[in-house]
Amino acid sequence: MKDIRLDFEHFKDQGQLPNLAEVRDKVEKYHRVLLEGKDAVIKDREVPMTGWKTESPFISDEDLDTITAAAKGLRQKIDDYISIGIGGSYLGIKASIEALVGPLDLINLEKGNIPRIFFLGNHMDPSYTDAVLKLTKGRKVGVCVISKSGGTVEPAIAFAVAKGSANTIIAITDENKGALHDLAKKEKYETFPVPDNVGGRYSVTSPVGLFGMAVAGIDIKEFIAGARYAEEQTRKNKFDKNIAMLRAAMRFIAYDKWDKKIEVASTGIFDLKGVTYWMQQLGPETEGKDGKGLWISPEFYTQDAHANGQMIQQGERNMIETFLMLEDVETDITISARGTPVEYLDGKTMSFVNRAFVEGLRDAHFEGGVPCMSYNIPELSANTLGQLYQYEMNAIALGGLLLGLNPFVQPGVQMYKDIANKKSGGK
Ligand code: PA5
């Protein structure tokens with residue numbers, strides 16, 4: 001097993017390291033709160049929303065085999081797979097498939113041994129939706145509709161318009177209640193549960209994430225083994241060796257003491273772009289309450305070095321930056337550059353230059369006054385991705401608690417849903 005590491009050598013503000021000792025006791029206390037599940041601050045209604053920590057990483061092999069077998073059975077009888085959902089019922093699935101299988105706009109062009117994969121229900125743009133329906137018309141289509149509440153309008157509309165073309169329908173929703181649960185029961189769709197004690201943005205290690213990953217041929221046992229390992233490390237390691245606790249402490253100090261308002265989540269690895277979007281949901285939906293929280297801005301380098309990069313380097317000094325760095329790339333290209341403007345790179349690999357540039361960006365941003373930390377990912381595998389998610393979910397949940405908030409509710413999202421529903425004629 002290869003371990004993810006957290007590098008915070010560059011996490012300094014005006015030459016000062018964060019005073020981690022100041023928050024250590026609080027972080028450890030909140031970690032106990034997460035594990036014990038008793039405090040009102042981690043409950044949604046009466047349910048402690050910590051199943052992502054206490055249950056998902058410990059799912060049995062038998063349950064994983066059931067999900068894998070159902071996904072394999074589906075994969076063998078369809079040409080196209082449409083995953084419908086929004087927020088936590090969308091981002092982690094897409095991020096994981098793109099990290100471990102490849103970018104969808106490319107893999108959907110290949111005639112591989114997995115179905116083409118499309119996502120709907122994360123917006124209501126008719127033109128994109130129509131394009132997907134036209135592309136999948138006349139083919140064998142599996143539709144998987146995912147909604148914990150069962151009542152979110154965007155996926156409900158996408159499902160309403162896509163279900164007619166589906167040969168097989170799977171529903172992932174609450175086990176006991178909700179409109180989607182009732183419909184699935186009536187129509188006898190195959191179902192998988194969204195655990196009651198797991199919220200959308202913490203659901204990537206539950207059947208919400210696992211089923212789509214298994215359809216894409218990802219080894220979900222290895223993925224869960226990585227998540228379990230990271231969870232065990234988080235429980236067992238002392239504060240100064242604890243990735244999730246250190247990261248939570250540093251983000252909090254940056255916000256509270258150094259007056260930082262933005263966390264830039266960056267990577268130079270195309271396949272990890274989706275993970276930075278997953279981070280963009282996890283952080284702000286957890287922390288953005290009571291006028292508090294770090295805004296998360298995903299950046300893909302070096303593309304965005306030619307855009308937001310200017311602001312990160314020299315704009316308002318109100319940000320920190322977290323890099324997703326990949327140590328070992330699977331595919332590389334040796335540059336033949338004789339007679340070109342980059343002749344000095346002849347014989348070097350693209351990954352070497354990419355890394356040099358992203359490290360260069362980090363060093364430049366640090367010199368420009370941005371405290372930087374990095375997740376160092378030894379290789380991109382199901383196991384390391386599981387580790388990364390579990391560390392990050394712990395760090396962000398602890399971050400919400402450090403801000404004095406319930407990390408697991410999202411009343412602001414509910415507010416927008418209510419107002420927009422009324423505007424469109426709903427209740
Ligand atoms: O993290 C969350 O709870 C949200 O982003 C939800 O995942 C999102 O609103 C979708 O909700 P549902 O799965 O109920 O359709």
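For this chain, numbers begin at 1 and follow the sequence in order. In each ligand, atom 1 is the first atom listed, and ligand 1 is the first ligand listed.
With hydrogens and angles disregarded, a donor-acceptor distance shorter than 3.5 Å links the side chain of Glu287 to the backbone of Leu294. For the pair Ser149 (side chain) and Gly151 (backbone), a donor-acceptor distance under 3.5 Å is present. A donor-acceptor contact shorter than 3.5 Å is absent between the side chain of Asp271 and the backbone of Gly102. Under the 3.5 Å distance criterion, the side-chain polar atoms of Asn354 are matched with a main-chain donor or acceptor of Gly268.
Heavy atoms of Gln414 found under 4.0 angstrom from ligand 1: none, in either backbone or side chain.
Protein heavy atom at the shortest distance from atom 11 (O) of ligand 1 is Thr152 OG1, 3.6 Å. Looking from atom 6 (C) of ligand 1 to the surrounding protein, the closest heavy atom is Gly88 N, 3.9 Å. When only non-hydrogen protein atoms are considered, atom 10 (C) of ligand 1 lies nearest to Ile86 O, 3.3 Å. The nearest heavy-atom contact from the protein to atom 9 (O) of ligand 1 is Lys417 NZ, 3.3 Å. Nearest protein neighbour of atom 4 (C) of ligand 1, counting heavy atoms only, is Glu285 OE1, 3.5 Å.
Using a 4.0 Å cut-off to heavy atoms of Gln410, the atoms of ligand 1 that qualify are 3 (O). Using a 4.0 Å cut-off to heavy atoms of Lys148, the atoms of ligand 1 that qualify are 12 (P), 13 (O), 14 (O). Which parts of ligand 1 touch Arg201 is read off a 4.0 Å heavy-atom cut-off, strictly below it: atoms 1 (O), 2 (C), 3 (O). Near Ser89, meaning under 4.0 Å from one of its heavy atoms, ligand 1 places the atoms 7 (O), 13 (O).
Applying side chain to side chain donor-acceptor pair (under 3.5 Å) to Arg116 and the options Thr136, Asn108, Asp80 leaves one that passes, Asp80. Results of the side chain to side chain donor-acceptor pair (under 3.5 Å) test with Ser266 over Glu299, Arg362, Glu321 single out Glu321 as the only residue that passes.
Rounded to the nearest 0.5 Å, atoms CE (Met393) and CG (Leu34) are 11.5 Å apart.
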